[in-house]
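A short worksheet on the structure shown next.
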Amino acid sequence: MKETILLRVNAEDPELEKIKIAAGVIRRGGLVAFPTETVYGLGADALNPEAVKGIFAAKMRPLDNPIIVHVADKEDAYKLALDVPESARKLMDAFWPGPLTLVLKASDIVPKVTTGGLDTVAIRMPRHKVALALIMESRRPIAAPSANLAGRPSPTLAEHVIRDLYGRIDVILDAGPTNIGVESTVLDLTSSPPQILRPGGVTLEDLKKILVEVVVHPAAAAKSEVHVEHARSPGMKHKHYAPKAEMIIVEGELNSVIKKVKELAEHYVRAGRKVGILATEESMCKYDLGIVKSMGSRRDLASVARNLFKLIRELDDERVDIIIAEGVPPKGLGLAIMNRLRRAAGYNIVEGR
Ligand code: AMP
Ligand code: MG
């Protein structure tokens, strides 16, 4: 077991002496978990192959799943990538710093372990002050996937990181809850038209304001498992976000969703199973069986995104056997939310009617 140092930092005004400790660890090839505006990341020096291997080992992450490289300056993207198209500059100007990751042709300085063996590199400039301070003090681009054990829900609190990775990494920077709660949007600019490989914090609708044409990869919006052997984003084919409990998503128009969730809850409670329900503000009062949690309001999908992973972990902690979750319309942030819910449930989807 490693000794893990836990440092509380101010999210708005990070204490420089603490950031310096963490940056020193990055520079020496160590592993630091840090907050971003999306979820907590597990960072290492992106240009040091041994350090990046450490991320895969700590997370038990499959080696073919590449890692996003985080920068604190747009110009760094031009060192890490080749043939950067004009559209990338427009997107950076519109959305960086922020939850948009750009997949570009990788330059030679990026180790193969960072790109999972691909000839592309995924780059983003996060908005969180702690993340930016850490990258700047390290004077290195930082490779960072979500700071959870592979397959588990992404961490939106330092407590989640502690739960999964304490004793496996060097430092955890705790700056409280993350703001967005779902990961960044991964946009592939090496395909034509540009393709969303993973819906996230920046929506399809947002991207359409900048790009003439943009499409969503079929697997990213799928309601059932899509065969992605040759996927542009290998993360799509790995098990992800999964609770320990079995999970069912009920999709459709709200009234029929409520009816179906009730039916399922009754069925499983009668069968002696402990049931958790992920509902919304508008619907939670309709349920009187099981442990009912509200993800947030249907009129404010940002609140749903923010709470999603935390609530899945809470229901696991309460040892429910089965989680029944309401779906939301896959528009705006709803597309990212449904992508996470469907994958968390292993595409165990029921249509309410
Ligand atoms: P996570 O590890 O949870 O932070 O997710 C990172 C996501 O970015 C995964 O879905 C990866 O497959 C994807 N990704 C990282 N690098 C690349 C790349 N070079 N090309 C395509 N997708 C990538
Ligand atoms: Mg992840």
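FYI, side chains are in, hydrogens and waters are out, and symmetry mates aren't considered; it's all heavy atoms of this structure. Order of appearance sets the numbers: ligands from 1, and atoms from 1 within every ligand. Treat the numbers as computed from the prediction; the structure is a model and nothing was measured.
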If we number the atoms of ligand 1 from 1 as shown, the ones under 4.0 Å from a heavy atom of T120 are 18 (C), 19 (N), 20 (N)
Test your reading of the model: is there a side-chain donor-acceptor pair from D188 to the backbone of Q195, 3.5 Å cut-off? no
Show me which atoms of ligand 1 lie under 4.0 Å from any heavy atom of V121. 19 (N)
So the atoms of ligand 1 within less than 4.0 Å of a heavy atom of A122 turn out to be 15 (C), 16 (N), 17 (C), 19 (N)
Of the backbone atoms (N, CA, C, O) and the side-chain heavy atoms from C-beta on, which set of R198 has a member under 4.0 Å from an atom of ligand 1: side chain, backbone, both, or neither? side chain
Using heavy atoms and a threshold below 4.0 Å, how should the contact between L197 and ligand 1 be classified: side chain, backbone, both, or neither? side chain
From the options V84, I68, V110, L80, select the one residue that forms a side-chain contact (heavy atoms from CB on, under 4.5 Å) with I123. L80
If you take all heavy atoms of A51 and A44, which pair is closest and at what distance? O-CB, 3.7 Å
Output the list of atoms in ligand 1 that are nearer than 4.0 Å to some heavy atom of L118, sorted by atom number. 18 (C), 19 (N), 20 (N)
Examine N65 against ligand 1 and note whether any of their N/O atoms are separated by less than 3.5 Å. yes
Test applied, salt bridge (Lys or Arg N to Asp or Glu O under 4.0 Å); reference residue, D316; option that passes from R163, K310, R152, K274: R152
Given E314, E326, E281, the one that forms salt bridge (Lys or Arg N to Asp or Glu O under 4.0 Å) with K293: E314
When rounded to the nearest 0.5 angstrom, what is the spacing between CZ in F34 and NE2 in H128? 10.0 Å
Considering only heavy atoms of P66, which atoms of ligand 1 have at least one such atom less than 4.0 Å away? 11 (C), 12 (O), 14 (N), 15 (C), 16 (N), 17 (C), 18 (C), 23 (C)
Step through the shown structure and confirm whether more than 12 heavy atoms of other residues, nucleotides or ligands are within 6.0 Å of CZ on R89. yes
K59 N/O to ligand 1 N/O under 3.5 Å: no
Considering the heavy atoms of V103, write down every atom of ligand 1 situated less than 4.0 Å from one of them. 20 (N), 21 (C)
Please confirm whether R61 comes within less than 3.5 Å of ligand 1 when only nitrogen or oxygen atoms on both sides are compared. yes
Answer with side chain, backbone, both or neither: which part of T115 has a heavy atom less than 4.0 angstrom from an atom of ligand 1? neither
Flag, side chain of R342 to backbone of A221, donor-acceptor distance under 3.5 Å: yes
